[in-house]
**Student:** 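Below you'll find the structure I mean.
These figures come from a predicted structure and were not determined experimentally.
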Amino acid sequence: MRSRTEMLLKYQPKGLWSGTFHHIGNRMLRMYAGEIGFTPEFGILDQDDSRDLIKTCIKKVRGKEKASDFPKAAVLQSIISLKANTGISIPDIVDRRFPYFSRVIEEIKTVARIYLEKKTSSGNMDYDDLLTNWKRLLETVPSARERFTSQFKYIMVDEYQDTNTIQADIVDILGSAHRNVLVVGDDAQSIYSFRGARVENILTFPEKFKSARVFRLETNYRSTPDILNLANDSLSRNTAQFKKELKAVNPPLEPPALVEVEDLYSQASFVAQRVLELMSEDALAGDIAVLFRAHYQSAELEMELAK
């Protein structure tokens, strides 16, 4: 990101901060760690460290008892993370997303409390703490707030549709002095609500920043008109959105096809059969690609292609 900026500007800008929310939060927190009860050398728990610590907390609450009515460490990790990133209480999160654990809500709350105590007493933060403590720093330490809101005259955020409540609040605080905030994103590409992301952040941005101007980037350089026509027709049914009409630069090709199959194995069989048909029509195997959303979805197709 920095090298691309330098290439466009044709010089190396001084004082530019760039990075993920967690990276920038970590940088600010180390500068003011003492103001919120930490040392500048605080440790950061990665996902595995965090899960191991939660397992320890579960044993403290439930002993060695293993029961199907109590969430595993990975699930508890998700619940605790959602609470941190959305501000929603643990009972509400369990009620909405994990209702089958409703009978053990009090124990879940106890595990979450012990987990927080152990992190704090050992001088560690997890990834979520980098955001929650960053926000707390800006809200409760006037010197930090004044420094950073004054320092950053321009703030730019990419993939804004994937920000959660606490990230949007941090951007609002940092941009409160100069009100020069540029966000880039696509409300139609918001898919991370299960991680606490809120598409409302981008949809309500013009209401929050009354003088905001909206620039629609509607020219598409990758897809064909056939695919974009389908996309436009699908998007037109969104009840809340920034209206857009995607336009193609590429010439028309074959229209996309929707194929209904019974299961993953039928899907893999269809794709493999279509590959064979294309090759029988003189297409080269190296010119054929199969796209899927996540790596685990390739298993059935790999087996079918091997056959």
**Student:** Does Asp129 reach the main-chain N or O of Asp126 with its side chain, forming a donor-acceptor pair under 3.5 Å?
**Tutor:** yes

**Student:** Is the closest side-chain heavy-atom distance between Lys119 and Leu53 below 4.5 Å?
**Tutor:** yes

**Student:** Taking atom CE of Met1 as the centre, does the number of heavy atoms from other residues, nucleotides or ligands within less than 6.0 Å exceed 12?
**Tutor:** no

**Student:** For Gln161, give me all partners under side-chain hydrogen bond (donor to acceptor under 3.5 Å, both in side chains), at least two apart in sequence or on another chain.
**Tutor:** Glu159

**Student:** Could you tell me whether the side chain of Ile88 reaches within less than 4.5 Å of the side chain of Leu82, counting heavy atoms only?
**Tutor:** no

**Student:** Drop me the distance from Ile108's CD1 to Ser102's OG, to the nearest 0.5 angstrom.
**Tutor:** 9.0 Å

**Student:** What I'd like to find out is whether the side chain of Phe205 reaches to under 4.5 Å of the side chain of Tyr160, using heavy atoms alone.
**Tutor:** yes

**Student:** List in chain and number order the residues that pass salt bridge (charged side-chain N to carboxylate O under 4.0 Å, His left out) with Arg97, two or more places apart in sequence or in another chain; answer none if no residue qualifies.
**Tutor:** none

**Student:** Answer yes or no: is there a donor N or O on one side and an acceptor on the other, between the side chain of Gln189 and the main chain of Gly185, under 3.5 Å?
**Tutor:** no

**Student:** I'd like to check Ile155 versus Leu182 (side-chain heavy atoms, cut-off strictly below 4.5 Å). Are they in contact?
**Tutor:** no

**Student:** Report all side-chain donor-acceptor pairs from residues 26-45 shorter than 3.5 Å, counting only partners two or more places apart or in another chain.
**Tutor:**
from  : atom 1 : to    : atom 2 : distance (Å)
Asn26 : OD1    : Arg30 : NE     : 3.0
Asn26 : OD1    : Arg30 : NH2    : 3.4
Arg30 : NH1    : Pro40 : O      : 2.7
Arg30 : NH1    : Phe42 : O      : 3.0
Arg30 : NH2    : Phe42 : O      : 3.1
Thr39 : OG1    : Glu41 : N      : 3.4

**Student:** Nearest 0.5 Å, what's the OG-CD distance between Ser266 and Glu300?
**Tutor:** 11.0 Å

**Student:** What residues form a side-chain hydrogen bond (donor to acceptor under 3.5 Å, both in side chains) with Ser298, not counting sequence neighbours?
**Tutor:** Glu302

**Student:** As a quick check of understanding, evaluate side chain to side chain contact (heavy atoms under 4.5 Å, CB included) for Ile191 and Arg293, giving each step before the final call.
**Tutor:** CA-CA 12 Å; Ile191 61 172; Arg293 185 75 210 174; 2.8 Å; yes

**Student:** Is there a side-chain contact between Tyr127 and Asp46 (heavy atoms, below 4.5 Å)?
**Tutor:** yes

**Student:** Which atom pair, heavy atoms only, marks the closest approach of Ala144 to Leu138?
**Tutor:** O-CD2, 4.5 Å

**Student:** Could you check if a side-chain atom of Phe148 sits within less than 4.5 angstrom of a side-chain atom of Ile24, using non-hydrogen atoms only?
**Tutor:** no

**Student:** Can you check whether Asn229's main-chain N or O pairs, donor with acceptor, with Asp233's side chain at less than 3.5 Å?
**Tutor:** no

**Student:** Taking a hydrophobic cluster as the set of Ile, Leu, Val, Met, Phe, Trp and Tyr residues connected by side-chain heavy atoms closer than 4.5 Å, whether directly or through intermediates, do Tyr192 and Leu130 fall within one such cluster?
**Tutor:** no

**Student:** Quick one: side-chain hydrogen bond (donor to acceptor under 3.5 Å, both in side chains) partners of Asp172, sequence neighbours excluded?
**Tutor:** Lys208

**Student:** Sequence neighbours left out, cut at 3.5 Å: what donor-acceptor pairs do the side chains of residues 277-291 make with other protein atoms?
**Tutor:**
from   : atom 1 : to     : atom 2 : distance (Å)
Glu277 : OE1    : Arg274 : NH1    : 3.1
Ser280 : OG     : Glu277 : O      : 2.6

**Student:** Determine, for Arg195 against Asp162, whether the closest basic-nitrogen to carboxylate-oxygen distance falls under 4.0 angstrom.
**Tutor:** no

**Student:** Quick one: CG on Asp169 to OG1 on Thr132, what's the gap to the nearest 0.5 Å?
**Tutor:** 12.0 Å

**Student:** Once you round to the nearest 0.5 Å, how far does CZ of Arg2 lie from OG of Ser18?
**Tutor:** 4.5 Å

**Student:** Output a table of donor-acceptor pairs, distance under 3.5 Å, between side-chain atoms of residues 215-222 and any protein atom two or more places apart or on a different chain; print 'none' if there are none.
**Tutor:**
from   : atom 1 : to     : atom 2 : distance (Å)
Arg216 : NE     : Lys243 : O      : 2.6
Glu218 : OE1    : Lys247 : NZ     : 3.0
Glu218 : OE2    : Glu245 : N      : 2.9
Asn220 : OD1    : Arg222 : N      : 2.8
Asn220 : OD1    : Ser223 : N      : 2.7

**Student:** Looking at residues at least two apart in the chain, or sitting in another chain, which of them share a side-chain hydrogen bond (donor to acceptor under 3.5 Å, both in side chains) with Asn133?
**Tutor:** Arg136

**Student:** How long is the span from the CZ atom in Phe98 to the CD1 atom in Ile90, to the nearest 0.5 Å?
**Tutor:** 11.0 Å

**Student:** Let me see the working for Met156 and Val184 under side chain to side chain contact (heavy atoms under 4.5 Å, CB included), right down to the final yes or no.
**Tutor:** CA-CA 8 Å; Met156 294 178 282; Val184 181; over 6 Å; no

**Student:** Tell me, which pairs form a side chain to side chain donor-acceptor pair (under 3.5 Å) where one or both residues lie in residues 77-86, sequence neighbours left out?
**Tutor:** Ser50-Gln77, Arg51-Gln77, Ser81-Asn85, Ser81-Asp128, Asn85-Asp128, Asn85-Asn164

**Student:** List, by chain and number, the other hydrophobic cluster members for Leu228, where Ile, Leu, Val, Met, Phe, Trp and Tyr join if side-chain heavy atoms come within less than 4.5 Å, directly or indirectly.
**Tutor:** Leu235, Leu246

**Student:** First locate atom CG of Asn232, then atom OG of Ser234, and finally report the distance between them rounded to the nearest 0.5 Å.
**Tutor:** 9.0 Å

**Student:** Taking Tyr265's backbone N and O only, do any of them form a donor-acceptor pair with Ser269's side chain (distance below 3.5 Å, no angle check)?
**Tutor:** no

**Student:** Hydrophobic side-chain clustering at under 4.5 Å (ILVMFWY, transitive links): who's grouped with Leu16? Put none if nobody.
**Tutor:** none

**Student:** What are the two closest non-hydrogen atoms of Pro225 and Ala248, and how far apart are they?
**Tutor:** N-CB, 3.6 Å

**Student:** Answer whether the closest heavy-atom distance between the side chains of Glu304 and Val271 falls below 4.5 Å.
**Tutor:** no

**Student:** Measure from the side-chain N and O atoms of Asn201 to the backbone N and O of Thr163, and report whether any donor-acceptor pair falls under 3.5 Å.
**Tutor:** yes

**Student:** Show your working on side chain to side chain contact (heavy atoms under 4.5 Å, CB included) between Phe101 and Phe70 and close with a plain yes or no.
**Tutor:** CA-CA 6 Å; Phe101 293 131; Phe70 199 77; 5.6 Å; no

**Student:** May I ask you to check whether Asn238 and Gln241 show a side-chain donor-acceptor distance below 3.5 Å?
**Tutor:** no

**Student:** Within the 4.5 Å heavy-atom criterion, are Ile166 and Phe21 side-chain neighbours or not?
**Tutor:** no

**Student:** For residues 137-155, which residue pairs qualify under side chain to side chain donor-acceptor pair (under 3.5 Å), counting only residues two or more places apart or in two chains?
**Tutor:** none

**Student:** Side chains of Asp187 and Ser190: donor-acceptor distance under 3.5 Å anywhere?
**Tutor:** no

**Student:** Is it the case that the side chain of Gln297 and the backbone of Ala294 share a donor-acceptor pair, with hydrogens and angles ignored and the cut-off at 3.5 Å?
**Tutor:** yes

**Student:** Which is it for Val104 and Arg62 under the side chain to side chain contact (heavy atoms under 4.5 Å, CB included) test, yes or no, and what are the steps along the way?
**Tutor:** CA-CA 11 Å; Val104 291; Arg62 294 185 60 95; 4.3 Å; yes

**Student:** Mark yes or no for whether Ser193, through its side chain, and Gly196, through its backbone, hold a donor-acceptor pair below 3.5 Å.
**Tutor:** no

